[in-house]
Amino acid sequence: MSAAIAGLGITELGKVYGRSPRRFAADAVRLAADDAGLRLDELDGLLVSHGLGGSPGIELAETLGLRDLRLLTAMNAFGATAGAMISYAAQSIASGAATAVACVFSDAPLQPRQSSGSAYHRDAREWYGFGGMTAALGLRSVNAFYALAAQRHMARYGTTSEQLGAIAVSTRQWASRNPLAQMRDPITLDDHQNSRWVAEPLHLLDCCLVSNGAVAVVVTSADRAAALAQPPVHVWGWGQGHPGHRKERGSAFGLSTGAAISGPAAMKMAGVTVADIDVCQLYDCYTYTVLVSLEDYGFCGKGEGGAFAASGALAPGGALPTNTGGGQLSGYYMWGMTPLSEAVIQARGHGGDRQVDRRDVLLVSGNGGILDHHSTLIVSPHRKGA
Amino acid sequence: MDIGILRRDGRTDAFFDGTAAERLMIRHCAECDVHLAPDATSCPGCGDEDPGWARASGDASLVSWTVTHGRPAEDGTVPEPALLALVELDEGPWLYTRLAVARAALREGLPLTAAYVHPDEGESYLLFTERGSVG
Ligand SMILES: [Zn+2]
């Protein structure tokens with residue numbers, strides 16, 4: 001029994017204050033069930049993913065008043081969690097363990113009158129131990145670790161900041177057509193180059209947004225989804241990849257990612273190759289993450305991601321429409337639910353001004369940690385094999 | 001360069017005794033004869049959660065680097081940029097560190113060596129400088 005995504009719920013996103021992550025999550029699950037045309041008490045499974053704040057957990061079921069669930073757990077593979085949740089839900093549907101599973105991510109790191117950078121920032125005058133020394137010397141933001149990865153790719157393959165900028169620009173082009181996106185004013189390559197440094201080689205416009213909010217989906221059987229309110233989005237394949245790059249001689253850190261593992265696994269399960277992918281929704285915590293993922297999936301050769309991005313392939317009208325909702329760079333930052341939610345919208349044909357023409361096969365990526373954890377989903381508006 | 005005050009945490013006495021004496025101490029699992037980073041919490045080979053310490057040469061090569069720029073303050077002042085790096089010790093482990101190296105010299109594989117800083121208060125720490133350079 002194959003699975004399909006039947007419901008999508010997206011709360012208000014961005015600088016939305018006064019709601020806890022638990023409240024956002026509950027709202028998103030209600031919206032997703034309603035979108036599917038299901039009553040809340042028709043859910044028999046709930047998978048919960050929280051941000052770095054650690055809430056909500058499985059108490060969300062109680063918040064929602066869900067009873068007699070047959071599947072309930074919190075999952076965490078950081079940015080790869082959304083893909084992992086969908087695969088667990090799909091396997092639970094297939095085995096009969098559950099029949100309608102809500103998967104939700106929620107986070108609320110932003111507080112009023114505070115810049116987004118400081119939402120995650122900690123400053124201390126005293127530092128403890130070896131890790132404290134590293135932080136004291138200046139390595140205390142995720143930006144710096146991704147910058148080290150991107151710089152290694154640049155030094156090894158000649159990737160340029162302008163090539164990263166092409167990703168920022170094309171992603172914003174898509175965002176300008178998405179009413180859900182937080183940043184919709186068009187930008188140029190000059191705007192990218194002139195945006196302030198965050199951690200060289202990353203400019204501000206290489207970095208994702210920070211958002212409050214929640215996104216949920218409901219997964220059920222393909223048969224049941226066909227009778228519900230929305231066009232089903234069929235789950236054709238999934239994979240995970242956790243390369244375990246040890247920080248020691250011989251490590252491929254920055255040069256390749258778990259997409260090289262999860263991508264082929266998901267495509268094999270789905271019975272497709274990269275040539276069959278019509279649309280990509282790639283986890284874009286940074287422009288560089290998109291670039292290296294494209295290489296690892298095989299859309300271009302290793303080291304050719306920069307040229308591929310600069311070719312215009314990812315932009316509206318390009319050969320491989322990518323991050324068609326504006327991604328995390330310009331749309332909204334809901335971890336792996338950002339690419340997944342846009343894939344659902346596009347597969348349904350509900351993309352409005354940004355709807356792509358060819359959408360038979362969509363690829364969705366997730367990326368967590370510092371390129372430590374990866375997930376891939378292949379989804380389609382068509383039944384697998386139909 | 002003001003980085004704040006470094007304190008020990010109970011797991012790093014050998015490391016900070018080392019920096020005080022201008023020696024780079026890293027973990028070494030005798031059972032597996034493998035060098036590990038100073039903050040390794042266990043040996044991946046045998047699971048030992050308290051591998052021993054060994055003196056490293058202090059020589060390394062540059063893996064990657066970044067210059068971090070703090071967010072400008074409300075009064076427009078900008079924190080001093082920091083040149084940070086991943087370096088590969090000759091013994092194999094990688095360290096996150098800070099460099100005192102001219103930007104024009106930065107390249108993959110640049111030979112480096114440890115240099116030590118002894119602040120008035122708190123533990124001594126190390127940076128890396130270009131190997132063979134003067135000063
Ligand atoms: Zn060992």
Side-chain angles (χ1 to χ4, degrees), chain A residues 113-121 123-158 195-204 207 244-255 288 370, chain B residues 1-12 15-16 19 34-40 44 61-72 74 78-86 88-99 103 106-109 117 121-127:
Chain A
R113 286 190 300 283
Q114 182 188 34
S115 62
S116 50
S118 58
Y120 296 123
H121 187 70
D123 228 335
R125 211 171 80 87
E126 289 200 332
W127 307 88
Y128 290 86
F130 184 85
M133 182 185 78
T134 306
L137 290 173
L139 273 153
R140 48 180 182 260
S141 83
V142 175
N143 297 329
F145 294 101
Y146 272 91
L148 289 169
Q151 176 58 53
R152 192 174 194 218
H153 196 280
M154 288 179 160
R156 182 69 59 92
Y157 300 119
S195 67
R196 71 174 176 87
W197 290 119
V198 171
E200 297 178 44
L202 302 177
H203 289 274
L204 183 65
C207 306
H245 291 313
R246 272 156 58 173
K247 298 295 184 298
E248 62 185 22
R249 183 172 290 136
S251 170
F253 172 76
L255 305 178
Y288 153 77
I370 314 297
Chain B
M1 185 174 75
D2 178 18
I3 66 162
I5 299 162
L6 299 183
R7 305 286 188 203
R8 301 189 179 203
D9 65 353
R11 279 191 64 86
T12 43
F15 178 80
F16 286 115
T19 54
V34 62
H35 286 97
L36 304 166
D39 58 336
S61 63
L62 184 56
V63 174
S64 190
W65 60 93
T66 176
V67 179
T68 57
H69 297 255
R71 176 177 290 269
E74 282 185 7
V78 181
E80 190 186 348
L83 175 53
L84 309 172
L86 252 180
E88 180 171 300
L89 302 180
D90 279 7
E91 292 78 10
W94 287 8
L95 290 188
Y96 293 108
T97 187
R98 189 158 172 159
L99 300 182
R103 292 204 50 173
L106 295 171
R107 63 178 169 83
E108 233 188 328
V117 181
E121 189 181 359
E123 301 296 338
S124 298
Y125 58 92
L126 80 164
L127 311 168

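Sequence lines set the chain letters: A, B, ... in the order given, protein chains first and strands last, and positions in each chain run from 1.
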> Contact part of B:T12 toward chain A, heavy-atom cut-off under 4.5 Å: side chain, backbone, both or neither?
Replying inline: side chain

> Of the backbone (N, CA, C, O) and the side chain (C-beta and beyond), which part of B:R11 lies under 4.5 Å from a heavy atom of chain A, both, or neither?
Replying inline: neither

Atom pairs and distances, side-chain donor-acceptor, residues 246-255 of chain A, under 3.5 Å, sequence neighbours left out:
from	atom 1	to	atom 2	distance (Å)
A:R246	NE	A:E248	OE2	3.4
A:R246	NH2	A:E248	OE2	3.4
A:R249	NE	B:E88	OE2	2.9
A:R249	NH2	B:L89	O	3.4
A:R249	NH2	B:D90	O	2.7
A:S251	OG	A:R246	O	3.3
A:S251	OG	A:F253	N	3.0

>> Given 3.5 Å as the limit, does a donor-acceptor pair link the side chain of A:H203 with the main chain of A:S195, or not?
In response: yes

> So what's closer than 4.5 Å to chain A heavy atoms on B:E123: side chain, backbone, both or neither?
Replying inline: neither

>> Using a 4.5 angstrom heavy-atom cutoff, name the option from A:L204, A:L139, A:L202 with the most pairs to chain B.
In response: A:L139

> Are A:Y128 and A:E126 linked by a side-chain donor-acceptor pair shorter than 3.5 Å?
Replying inline: yes

>> Under the rule for salt bridge (Lys or Arg N to Asp or Glu O under 4.0 Å), what residues qualify as partners of B:E121, not counting sequence neighbours?
In response: B:R7

> Just wondering, do A:W127 and A:R140 contact through their side chains at under 4.5 Å, heavy atoms?
Replying inline: yes

> What class does the angle between the rings of A:W197 and B:H69 fall in, given that below 30° is parallel, 30 to 60° is tilted and above 60° is perpendicular?
Replying inline: parallel

> So which part of B:L127 gets closer than 4.5 Å to some heavy atom of chain A, the side chain, the backbone, both or neither?
Replying inline: side chain

> Between B:L62 and B:L99, does a side-chain contact (heavy atoms from CB on, under 4.5 Å) hold up when you go through it step by step?
Replying inline: CA-CA 10 Å; B:L62 184 56; B:L99 300 182; 4.0 Å; yes

> So which part of A:R196 gets closer than 4.5 Å to some heavy atom of chain B, the side chain, the backbone, both or neither?
Replying inline: side chain

> Quick one: of B:L86, B:L95, B:L36, B:I5, who has the most non-hydrogen atom pairs under 4.5 Å with chain A?
Replying inline: B:I5

>> I'd like to verify something: which residue of B:A37, B:G92, B:G122 has the highest number of heavy-atom pairs under 4.5 Å with chain A?
In response: B:G92

> Which pair of non-hydrogen atoms, one from B:A82 and one from A:L137, has the smallest distance, and what is that distance?
Replying inline: CB-O, 4.2 Å

> So what's closer than 4.5 Å to chain A heavy atoms on B:F15: side chain, backbone, both or neither?
Replying inline: side chain

>> Report which part of B:P79 has an atom under 4.5 Å of a heavy atom belonging to chain A: side chain, backbone, both, or neither.
In response: neither

>> Looking at chain A, which one of B:L6, B:L126, B:V63 has the largest number of heavy-atom pairs inside 4.5 Å, strictly under?
In response: B:L6

